[in-house]
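Data block below; observations after.
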Amino acid sequence: MSLTVNQIRTKFLKYMESKGHVVVPSASLVPENDATTLFTGSGMQPMVPYLLGQPHPLGVRITDSQKSFRSQDIEEVGDNRHTTFFEMLGNWSFGDYFKEEQIRWMWEFLIDELKLDPNNFYITCFAGNESLGVKRDTFSAELWQKLFAQKGIDAKVSDTPESGMKDGEKIFYYNEKKNWWSRSGVPANMPEGEPGGPDSEMFYDFDATGQQKIHETSAWKDVPCHVNCDCGRFLEIGNNVFMQYKKVAGGFEELPQMNVDHGSGLERYAAALRNDPDVFNIDVFDEPKKMIERLSGKVYGESTEVTYAYRVVLDHIRAAVFLIGDGVLPGNKDQMYFVRRLLRRAVRFARNLGVHDNFTREVGASFIQTYKVEYTLLEEKRQVILDELEKEEMKFRKTLENGIKEFEKIADKNISGVDAFNLLQSFGFPIELTEELAKERNITVDRVSFDEEKKKHSEESRTASAGKFKGGLGGDGEMEVKYHTATHLLHEVLRQVLGDHVLQKGSNITSERLRFDFSHGEKMTDEQKKQVEDIVNKVIADDLPVHREEVSYDEARARGAIGVFDAKYGDTVSIYTVGRETGTRGGANLFSLEFCGGPHVEHTGVLGTFKITKEEAVSAGVRRIKAILS
Ligand code: SER
């Protein structure tokens, strides 16, 4: 029996703990205070501030298994390795250990602990680039070589992997297109201030014996096979990024600290341990597969179409369970639309398999059962998750049946943009669905004119709603700005009243109220709430001035800035102070000092009277306050 996903996760975290790392829980799939992306798509995303130099409250060695969702992969799901949701096992050194320890630990964990066959294990390293001023990573290559040698393997190093692998070659140098990692990819695409660095990637060979003929039967059969060739024989299972640079005007400069950012695919480890390149064969899908088999009468693997549909259904329901668990309900906007889309696709592909009755609740429950050991939140939110799955499924089934009837009426010829838009407008039939159905009939959909039609329509509705909304904080209206300043006051006062463990976990402002989420383990007492109100109102009565300053990141930290440091500010950060003098937070005449891009009022006196209307739990250890100004 191979190890289960839960067992591998535990082993990894324990291993990293034994090397001095603090295990932290996975961050939410919805990034807090990061407007650059809708979802958390890798383990390092929540770690960016610490990679840039902000001290992590739990130290310089951190490890976790991070829930990740890549919405851009929705349409890729169907092959043997793409999933939208996955877990990334990660460990980080924030200016502590570097290459030597990381590489030795990876070897020890994968080869000695998990017992991955070193003969099937391959490595890539950065070839170096003079124009970037970054040298070839011979250190990593030589260390990996030594480790292979300890197992009696003479690992040869290749400088020209793309021309095909030769016998005995195990370690390959690639340029920055393959062996450089940053959130925005290759060095040329990185914005100033973005951290990145060369990496050393780890691969598993699923066809070591050559019997499966993975390369020979793939779309890449006519090009030489190498670990990065995409034929599916080799799967990247993990990546060690040596994050030591920051992009600046004209090139790179060293970060204040040398970091390690390691991320590995938990599901890919599980697949490698089974020596089976199909990630949908790992244990977490066993039960859901049985359920679908029972409902559809079709067996996973019986034909290409059936396997494809199974994969979409399995992936999408799992992703939806986790997203709803993190508070994203199916809907029409932003993150919510993805949940809706995942569920609609799942229902639709299940329908292809012959499942016509509601089934997402049952399959969702199975995922909760499997994952609740690690993700207790799923168990806590079980009812909501299952109800939402079922509600959305029922709604969509109706749409699907009505829409298909309409579709049939127009599907005797290629579908025009207007007809496709009408299906969307009048029947809630998403364009992707129209396109999928059309493909099955061998007819086309005029996507260009559909897009034009949609644009025309949204411009009309935008014009209609202009004047109602402005940009910025969901409206730079006067009330929103007041609530924004009040949020700063509240944040500071909560720390004074409840303690320094209070950190902002989320903030949302409308013209009617502020909402502030913060870390705190218990319900606030009435006295505490009253005390918070009194202090905020005293600061308002004192009519303190509010100032914006641009200072270096180091200065902001030295002066005790709190709040969410947003990486996009780069070297120079924007801070807001509330007080008669600037200086250090907590100083006699400086009430509050926060990282913030604004906008704010000029004097606290304009805020009116502050009142807490609600104090409640959001999740374990996180409380939410709603408050109004009158
Ligand atoms: N940041 C790297 C990745 O996502 C390693 O964590 O692959």
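Whatever order the structure lists them in is the order used to number ligands and atoms, beginning at 1. For clarity, every value in this text was computed on a predicted model and none was experimentally measured.
Taking the ring centre of Tyr122 as origin, the terminal cationic atom of Lys170 falls inside the region bounded by 6.0 Å and 45° from the ring axis. Lys289 forms no cation-pi arrangement with Tyr310, by the criterion of a distance under 6.0 Å to the ring centre and an angle within 45° of the ring axis.
The closest side-chain donor-acceptor pair between Asn275 and Tyr204 falls under 3.5 angstrom. Looking only at atom types and distance, the side chain of Asp283 has no donor-acceptor partner in the side chain of Thr4 under 3.5 Å away.
Using a 4.0 Å cutoff on heavy atoms, Met88 counts as a contact of ligand 1.
Residue, atom and distance of the protein heavy atom nearest to atom 6 (O) of ligand 1 are Asp261 OD1, 2.7 Å. Of the protein's heavy atoms, Trp181 CZ2, 3.3 Å lies nearest to atom 4 (O) of ligand 1.
Heavy atoms from other residues, nucleotides or ligands lying under 6.0 Å from CD of Gln72 number more than 12.
The N/O atoms of Gly263, backbone and side chain alike, include one that comes under 3.5 Å of an N/O atom in ligand 1.
Applying the 4.0 Å criterion to heavy atoms of His262 picks out, from ligand 1, the atoms 5 (C), 6 (O).
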